[in-house]
Amino acid sequence: MRLTRYFLPVLKENPAEAQIVSHRYMLRAGMIKQQAAGIYSWLPLGLRVLNRIQQIVHEEQERAGHIPLLMPTLQPADLWRESGRYDDYGQEMLRIKDRQDREMLYGPTNEEMITDIFRSHVNSYKDLPLTLYHIQWKFRDEMRPRFGVMRGREFLMKDGYNFDVDKASALHAYNRHMVSYLRTYERMGLTAIPMRADSGPIGGDDTHEFLVLASTGESEVFFDSAVTELKLGNREVDYDNRDEVAAVCKEFTTLYARTDETHDAALFDAIPEERRKVARGIEVGQIFYFGTKYSESMGATVVTADGSKVPVEMGSHGIGVSRLLGAIIEASHDDKGIIWPEGVTPFPVGIVNLKQGDAAADAACDSLYKALAAKGLEALYDDRDERAGAKFATMDLIGLPWRITVGPRGLANGVVELTSRRTGVSEEMAPEAAVARIAEIYAGI
Ligand code: 5CA
């Protein structure tokens with residue numbers, strides 16, 4: 001993408017309404033525009049990252065054997081009357097009437113609708129296990145929408161629902177979600193710690209929240225610092241193997257890590273003092289096992305192997321897709337701007353032409369751009385007729401992890417400069433070597 005042909009409305013000034021760094025940088029980098037409290041347009045750069053995050057979520061869900069579908073944002077109130085949540089949900093639910101005076105709502109979550117889909121089409125244990133998920137916009141009329149996409153009213157969520165014949169199978173689904181989430185967050189460059197949590201209006205016995213540590217997080221968290229060292233890495237996990245999946249969950253949930261809702265001071269005090277940490281965290285996901293809470297009230301049953309009819313065992317599992325942009329920026333930035341991890345960056349590399357209009361510099365940039373494209377890497381080429389300083393400031397603000405700087409002086413010696421946004425370290429090399437290096441960096445991503 002050539003910057004002169006793109007739409008990147010960066011702001012020079014800090015927007016007064018933004019209290020935290022991620023909100024500030026998302027506005028300044030031209031990623032989002034507020035349309036009403038907690039409701040945003042996603043401008044092209046923001047949309048690119050949002051799409052990248054969705055792609056990673058899809059890949060990891062499908063790897064775990066979970067199946068995508070798409071449910072609507074608007075739902076009939078009657079479904080929610082069946083579970084009893086239409087009245088319980090309160091003012092957070094946006095209630096709408098259509099022209100026939102039928103009561104509708106903008107879905108804050110989809111337990112009722114997915115249970116309705118299930119009961120319409122499945123009635124035998126032979127069709128289980130089944131986990132269906134979607135990535136869809138939600139609306140919660142939050143009392144205090146704030147911090148940009150972090151606590152929106154309209155926000156994008158991945159929500160998945162498992163259906164199983166018995167509790168042991170449903171707990172395996174819960175564990176599968178935990179492992180797939182760990183991998184999802186790691187691919188986004190995040191350390192998200194599963195913490196025992198409270199189930200709130202979703203209900204249920206077992207629930208974990210995934211928290212990214214950040215001083216601006218809304219939750220207070222208590223943990224053993226050793227938990228932050230745990231990594232899933234590239235290990236292969238067989239999602240059908242219950243013991244293997246459970247062992248990974250055990251590894252990640254044995255050390256003490258809880259939110260303030262479930263904090264137990266006695267257990268916490270038993271941790272060696274130097275490892276006892278109190279901090280703040282951003283909740284980027286939550287998984288729930290709630291058994292037959294919805295299947296009983298909504299009549300979703302299956303016939304088991306011995307011919308008896310039982311309510312299906314369920315759980316629901318969410319990832320805050322749009323919130324993740326804020327969380328990633330909170331975890332990865334400096335005073336010049338965002339530093340995208342390679343896994344989610346809107347463009348893999350930026351090209352800065354120090355002397356636009358100089359025949360050699362223009363030609364070198366064009367050929368770099370094409371060579372990168374030939375390797376499947378779309379560069380953002382700053383081809384504006386601007387000072388070098390302004391071009392660097394834009395690149396630093398929007399946070400592409402790698403920058404290739406091209407100028408007449410370097411070209412006279414046959415080199416361009418490759419700079420890491422994270423370390424600030426620059427290296428001179430031939431243009432072909434820079435392309436090869438970028439290709440190598442992104443090969444496994
Ligand atoms: N049905 C369940 C799981 S599918 C559910 O709704 N869970 S939730 O309430 O915990 O939401 C899932 C995730 O969505 C949260 O962990 C959080 O990351 C994100 N989320 C919740 N509310 C908001 C909000 N107002 N703005 C942005 N993200 C939010």
Side-chain angles (χ1 to χ4, degrees), residues 20 22-23 26 32 34 36-40 42 50 53-54 57 61 66 68-69 71 73 75 80 83 85 89 91-94 106-115 131-163 173-174 177-178 180-181 184-185 188 190 192-204 206-212 214 217-219 221 259 261 281-290 293-294 314-330:
I20 62 170
S22 56
H23 189 194
M26 287 184 80
I32 51 170
Q34 183 174 313
I39 300 179
Y40 291 87
W42 291 80
L50 192 67
I53 290 175
Q54 292 189 68
V57 169
Q61 287 311 297
H66 305 159
L69 48 48
M71 292 175 271
T73 54
Q75 307 187 17
W80 287 67
S83 70
R85 282 208 296 179
Y89 223 91
Q91 291 201 301
E92 253 190 37
M93 180 183 275
L94 180 64
Y106 194 127
T109 174
N110 285 60
E111 280 80 3
E112 285 77 358
M113 188 169 278
I114 200 80
T115 306
T131 294
L132 300 169
Y133 77 94
H134 70 165
I135 298 179
Q136 178 62 292
W137 294 94
K138 304 290 185 290
F139 196 94
R140 292 183 187 172
D141 205 349
E142 300 271 353
M143 176 98 97
R144 289 211 299 151
R146 57 184 185 151
F147 301 159
V149 299
M150 209 74 102
R151 181 165 295 280
R153 291 198 297 163
E154 188 185 46
F155 60 96
L156 192 58
M157 192 202 285
K158 171 264 163 183
D159 41 324
Y161 305 86
N162 67 285
F163 299 92
Y174 182 90
H177 280 88
M178 183 177 290
S180 69
Y181 281 21
T184 301
Y185 299 125
M188 297 175 189
L190 290 173
I193 306 166
M195 300 199 181
R196 185 164 290 285
D198 187 59
S199 65
I202 309 290
D206 276 291
T207 176
H208 281 87
E209 286 177 0
F210 291 78
L211 284 113
V212 172
E218 292 194 281
S219 320
V221 295
T259 63
E261 292 160 351
I282 302 166
E283 181 203 321
V284 292
Q286 186 163 7
I287 54 177
F288 303 83
Y289 161 72
F290 48 68
K293 178 176 152 88
Y294 296 91
M314 292 174 63
S316 73
H317 316 278
I319 293 180
V321 172
S322 49
R323 175 178 287 183
L324 271 166
L325 277 94
I328 294 167
I329 297 172
E330 290 296 326

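Both ligands and their constituent atoms are indexed starting at 1 by order of listing. Numbers for residues simply follow the sequence, beginning at 1.
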Check ligand 1 against [X] and write out every atom of the ligand that is under 4.0 Å from a heavy-atom position of the residue.
X	result
Arg151	26 (N)
Gly318	3 (C), 4 (S)
His317	3 (C), 4 (S)
Asp159	4 (S)
Val284	16 (O), 18 (O)
Gly285	16 (O), 18 (O)

* Are the aromatic ring centres of His177 and His66 under 6.0 angstrom apart? -> yes

Ion pair present between [X] and [Y], side-chain N to carboxylate O less than 4.0 angstrom?
X	Y	result
Glu218	Arg146	yes
Glu142	Arg153	no
Lys138	Glu154	no

Does [X] come within less than 4.0 Å of ligand 1, judged by its heavy atoms?
X	value
Glu111	yes
Ser322	no
Lys158	no
Phe288	yes

* Asked: Quick one: do the Tyr181 and His208 side chains pair a donor with an acceptor below 3.5 Å?
  -> no

* Nearest 0.5 Å please: distance from the CG atom of Leu69 over to the CD1 atom of Ile114. => 4.5 Å

* Structure fact -> Between the CE atom in Met26 and the CE atom in Met150, the distance rounded to the nearest 0.5 Å is 9.0 Å

* Would one find an N or O of Ile319, backbone or side chain, under 3.5 Å from an N or O of ligand 1? -> no

* Glu283 N/O to ligand 1 N/O under 3.5 Å -> yes

* With under 30° as parallel and over 60° as perpendicular, where do the rings of Trp137 and Trp42 fit, or are they tilted in between? -> tilted

* To do: Please identify each residue that fulfils ring pair (Phe, Tyr, Trp, His ring centres under 6.0 Å) with Phe147, with sequence neighbours left out.
  => none

* For Phe139, what residues pass the ring pair (Phe, Tyr, Trp, His ring centres under 6.0 Å) criterion, not counting sequence neighbours? -> Tyr106

* Asked: Where's the contact between Val149 and ligand 1, heavy-atom distance under 4.0 Å: side chain, backbone, both or neither?
  -> backbone

* So which bit of Glu142 gets within less than 4.0 Å of ligand 1, heavy atoms only: side chain, backbone, both or neither? -> side chain

* **Per atom 9 (O) of ligand 1, closest listed option by heavy atom (Gln286, Arg140, Met157)** => Arg140

